[in-house]
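Below: one structure, written as structure tokens.
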Amino acid sequence: RGRQVVQLKCFFCFQPHKHHYVVYCYDTATQLWILFDDDKVQVVGRTYQEAADKCSAGGFMPHVFFYEREPSIQGHGQGQARPAPNSTLGLPAARPGAGSNGAAAAP
């Protein structure tokens with residue numbers, strides 16, 4: 001089976017000392033990462049790296065990542081992956097080679 005492109009949509013982070021969870025979500029309409037922390041909502045930045053840095057700076061650890069398959073592009077047949085937009089920065093070590101917005105090719 002061919003490779004498919006997936007995009008990181010959001011990830012949950014846990015702060016073990018405070019037993020607190022937050023979530024970071026990528027809004028494709030605005031191309032921004034947004035932090036949801038209880039009743040606070042805050043724009044973090046345009047890249048996954050900005051969201052990851054904010055997560056770890058607060059003593060949080062990412063735990064669960066949610067990905068969405070990208071729709072296929074006409075002209076890209078089976079076995080061909082759609083190019084990842086903004087592919088200059090990487091995902092966490094578990095997903096090397098991904099774009100700054102969390103796009104990565106999945107096996």
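Any value given below was found using the heavy atoms of this structure, including those in side chains, with hydrogens, waters and symmetry copies removed. Sequence positions, counted from 1, serve as the residue numbers for this chain.
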Nearest-0.5 Å distance, NE2 of residue H63 to CZ of residue F65: 10.0 Å

Minimal non-hydrogen separation, Q15 against H17, with atom names: OE1-N, 2.8 Å

Contact check, side chains of W33 and L35, non-hydrogen atoms, under 4.5 Å: no

Flag side-chain contact, heavy atom, 4.5 Å: C13 against M61: no

Side-chain heavy-atom pair F36, C25 within 4.5 angstrom cut-off: yes

4.5 Å side-chain heavy-atom contact, F60 and V22: yes

With sequence neighbours excluded, residues passing side-chain contact (heavy atoms from CB on, under 4.5 Å) with H19: F14

Heavy-atom side-chain contact between V44 and I34 under 4.5 Å: no

Pairing residues for S56 by the side-chain contact (heavy atoms from CB on, under 4.5 Å) criterion, not counting sequence neighbours: none

Pairwise side-chain contact, Y48 with L8, heavy-atom cut-off 4.5 Å (strictly under): yes

Distance, nearest 0.5 Å, that separates CG of D53 from OG1 of T47: 7.5 Å

NZ on K9 to OG1 on T28, rounded to 0.5 Å: 4.5 Å

Set of side-chain contact (heavy atoms from CB on, under 4.5 Å) partners for F12, sequence neighbours left out: V23, V64, F66

Of all pairs that satisfy salt bridge (Lys or Arg N to Asp or Glu O under 4.0 Å), the ones with a partner from residues 25-45, not counting sequence neighbours: none

Under the ring pair (Phe, Tyr, Trp, His ring centres under 6.0 Å) test, residues paired with Y24 that sit two or more places apart: F11

Interatomic spacing from CD in Q7 to CD in E68 - rounded to 0.5 Å: 7.5 Å

Any residue meeting side chain to side chain donor-acceptor pair (under 3.5 Å) with Q42, in chain and number order, not counting sequence neighbours: none

Heavy-atom side-chain proximity of E50 to R46 below 4.5 angstrom: yes

